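One structure below.
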Amino acid sequence: MVNGFSDAFLLEAERHAAWGAAQLEALTAFLPEGPWTADLPSCLYRQGGLELRVAVLGTYDTDEQSWMWGWANPGLRGTEVVALTGAIERYGRTHGIVEFTEEVLDLSGFADPRRAAETLAFAGMGVAEAPGYMGMPAGPGTQVYFLADDPQVPRAALDPVALPRTLITGAGLIGRSAHRVVTGYFDHHGVPVREDGDRITADLPDGRPAEIDFDAEGRISGVRLNVS
């Protein structure tokens, strides 16, 4: 895929944007400093004394400016370490999202190919419902991306106080549909929403309704927490 992502992919990525950004913050805070190693047959990743179960999400070739999904890697295809990422390919086929079904994607036509690779990793993390990913240098010209697949990794909770920042930050990552960012965030947290024109109302777990308003351009114009 050259010059840009499909609308189907961008809308899917938006669905995970706010949740994913918060979850990556939680993973970053959890991971200790230190060198890393990986034992792929055992699905194990080690960093700073911490050992995590992982899956290989994909690899980015910095010379060719191309992305290969873990499930498509000839040396890993069919092994346990890419089993989780196979779900991404199946999701892509079910929902008609070509970026998830192409084994290798040419990113050289993007203005920022590395950012495009990060966007693929980010969306893949969301589809797999994994609690984060790590992108690490794995030799000259190669960046390998691991999906965390371990209950040790904390899940970012829905924080009502931080909700405005969380939603606005998420809406700024891709910029395709703030509406999808908001509904996707609450869907990840199992929070029901009601839609009425340019407003989405979510019934938060603490009993307070949150109202998110959108302007005529579809941007978030306000986030209010009301007393129930």
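Predicted model, so just to flag it, every value in this text is computed and none were measured. Start at 1 with the first residue, then count along the sequence.
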Which pairs pass ring pair (Phe, Tyr, Trp, His ring centres under 6.0 Å) with one or both residues in residues 139-166, sequence neighbours excluded?
W36-F146, Y45-F146, W67-Y145, Y133-Y145
Is it possible for you to say whether [X] and [Y] belong to one hydrophobic cluster, with membership spreading through side-chain heavy-atom contacts below 4.5 Å?
| X | Y | answer |
| --- | --- | --- |
| I168 | L158 | yes |
| F30 | L44 | no |
| V223 | W19 | yes |
| V181 | L204 | no |
| M136 | V82 | yes |

Counting C-beta onward and ignoring hydrogens, is there a side-chain heavy-atom pair between [X] and [Y] closer than 4.5 Å?
| X | Y | answer |
| --- | --- | --- |
| L120 | F9 | yes |
| T201 | D196 | no |
| M68 | P74 | yes |
| I200 | T183 | yes |

Please round to the nearest 0.5 Å and tell me the distance separating atom [atom1] of [X] and atom [atom2] of [Y].
| X | Y | atom1 | atom2 | answer |
| --- | --- | --- | --- | --- |
| H16 | I174 | NE2 | CD1 | 9.0 Å |
| S66 | L105 | OG | CG | 9.0 Å |
| I88 | W69 | CD1 | CH2 | 5.0 Å |
| D112 | Q65 | CG | CD | 9.5 Å |
| D203 | R208 | CG | CZ | 12.5 Å |
| R180 | L10 | CZ | CG | 11.0 Å |

Ignoring hydrogens, what is the shortest heavy-atom contact between [X] and [Y]? Give both atom names and the distance.
| X | Y | value |
| --- | --- | --- |
| I220 | A171 | CD1-CB, 4.1 Å |
| D150 | E51 | OD2-O, 4.2 Å |
| V144 | A138 | CG1-CB, 3.7 Å |
| A123 | A13 | CB-CB, 4.1 Å |

Under-4.0 Å salt bridge between R114 and E118:
no
Test Q47 against L52 for side chain to side chain contact (heavy atoms under 4.5 Å, CB included), laying out the working first.
CA-CA 8 Å; Q47 181 172 325; L52 292 177; over 6 Å; no
For H179 and E195, run side-chain hydrogen bond (donor to acceptor under 3.5 Å, both in side chains): C-alpha distance rounded to whole Å, both residues' side-chain angles, the deciding distance at 0.1 Å, then the answer.
CA-CA 10 Å; H179 187 278; E195 300 186 41; 2.8 Å; yes
Of E89, H95, R93, E12, the residue whose pairing with F100 passes side-chain contact (heavy atoms from CB on, under 4.5 Å)
E12
Could you list the donor-acceptor pairs under 3.5 angstrom formed by side chains in residues 56-64, with sequence neighbours left out?
unit_1: D61; atom_1: OD1; unit_2: D63; atom_2: N; d: 2.9
unit_1: D61; atom_1: OD1; unit_2: E64; atom_2: N; d: 2.8
unit_1: T62; atom_1: OG1; unit_2: G141; atom_2: O; d: 3.2

R77 atom CZ, neighbour heavy-atom count above 12 within 6.0 Å:
yes
